[in-house]
Amino acid sequence: MMADGESFAKTGMNTKLAHIGYEPHGYFGFVNPPVVHASTVLFPNARTMATRDQPYIYATLGTPTSNALCRAVDTLEGSAGTVLVPSGQAAVALPMMAFLAAGDHVLITDCVYAPTRQFADLVLRRMGIEVEYYEPRIGAGIKRLLRSNTKVVFTESPASNTFEVQDIPAISSAAHAANAIVMMDNTWATPLLFTPLDHGVDISVHAATKYPGGHADLLLGMVSANAATWPRLWEMFLALGIPAAPDDSYQVLRGLRTMGVRLAHHQKSAIEIASWLEHQPGIARVLHPALSSHPDHAIWKRDFSGASGVFSMVLASASQAHAFLDALRIFGLGYSWGSYGSLAMQADLADRTVADRAFDGALIRLQIGLEDIEDLKQDLARGLKAAGCAAQPLLDQAVL
Ligand SMILES: *Cc1c(COP(=O)(O)O)cnc(C)c1O
């Protein structure tokens, strides 16, 4: 039986997902790895303790459970090493802590996940790091923002809530020419639909809370690095002492096994619903990179091998947003995404500084879950109908 990532290098994605990371015969033939709850690992004698010459040393450095997930993710990302941290937010913070110091300059896409901006504004600025936000569609134009002290260019593509697609290869080559390293929050695509390290990125970050977990029952972050950046990432991971918990790591590995088939369903339903929404009355725009109407469709098509299930739409009148959301019965109102259940929320772009904020209406983000598509369409139609009915009274209130 094949075990390591190498053996699955040439198989199809779903075959990989079913087998990577763990070798059952290394643990009595049990199909899944044990969930190792641990701190101490015993050494057989003083010499081994002194040389640390055994696979596991202490649980902060890894366990058979975390190792199974890390090796699986390395196979998917093509990374030299992966660390697991307690949330996606921690996965964003860790590599920035590892590669930035006082006096450095960091460039961050202006359409970044909002808590990433909070981390940069609160923590990085306080550390004496100069934080600058750039327009996500800047592409090779990032060259003119790069300085001698620019150490990191942080990307996220497609963008949170507005789904601008970044020209990652162009940004990466400009950054590398200036000796900066490139990080990417790849949560939307998962390593199945985009592999950042193959497109010039040095460190890829995921909120495994989303599709890898897939069931809205855990928080976990993953950071995967290429060979050049791995030692420094690993060093900071140990220094901060933020390993993920064993049960969550196990659940994410479990989630990976079905992520391919789940994503295929999310993709199909989301594209069908997004195309359908484009023709519904009351919708000003649909922001989904797989639609030919999307301004960055060509870049998405060039770089990504598919789309996940999250996109946004713009309701023509801002005052209709609450009526729309309150009429939904299948879509839940809540944050996060990547789980089996559909979700809706109104996005707020007030924190953006240089990117486009004018969407002429209410921006609603939809996560298309695994429910039957006709039921989801009916639910959205119910929302749109309520929005149409509610537009007038709400407008009147605004005038008063
Ligand atoms: C959700 C999310 C995160 C943070 O993940 P948590 O596990 O919720 O902290 C980071 N980046 C992006 C793009 C996300 O959508």
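As the structure lists them, so they are numbered: ligands from 1, and atoms in each ligand from 1. Throughout, numbering of the chain's residues begins at 1 and tracks the sequence.
- The contact set between ligand 1 and S87, taken as ligand atoms under 4.0 Å from a residue heavy atom, comprises 7 (O), 9 (O).
- The closest heavy-atom contact to atom 8 (O) of ligand 1, among the options Y335, W337, Y113, comes from Y113.
- By the 6.0 Å and 45° rule, K210 stacks over the aromatic ring of Y113.
- Atoms of ligand 1 lying under 4.0 Å from any heavy atom of Q89, numbered from 1 in the order shown and given with element: 4 (C), 5 (O), 6 (P), 9 (O).
- Electrostatic pairing of E272 and K377 counts as a salt bridge here, judged by a charged N lying under 4.0 Å from a carboxylate O.
- Taking the six-membered ring wherever Trp is involved, the centroid distance between the rings of Y211 and H266 falls below 6.0 Å.
- The pair R117-D110 counts as a salt bridge, with a side-chain nitrogen and a carboxylate oxygen less than 4.0 angstrom apart.
- Looking at ligand 1, you'll find an N or O of D185 within less than 3.5 Å of one of its N or O atoms.
- Listed by atom number, the atoms of ligand 1 under 4.0 Å from K210 heavy atoms are 1 (C), 2 (C), 3 (C), 14 (C), 15 (O).
- For H294 and F163, the ring centers sit 6.0 Å or farther from each other.
- Residue G88 has at least one heavy-atom neighbour below 4.0 Å for each of these atoms of ligand 1: 4 (C), 5 (O), 6 (P), 7 (O), 9 (O).
- A cation-pi contact, defined as under 6.0 Å to the ring centre and within 45° of the axis, links R232 to F99.
- Every atom of ligand 1 is numbered from 1 in the order shown, and the set under 4.0 Å from a heavy atom of E156 is 13 (C).
- For ligand 1 and T209, the ligand atoms under 4.0 Å from any heavy atom of the residue are 6 (P), 7 (O).
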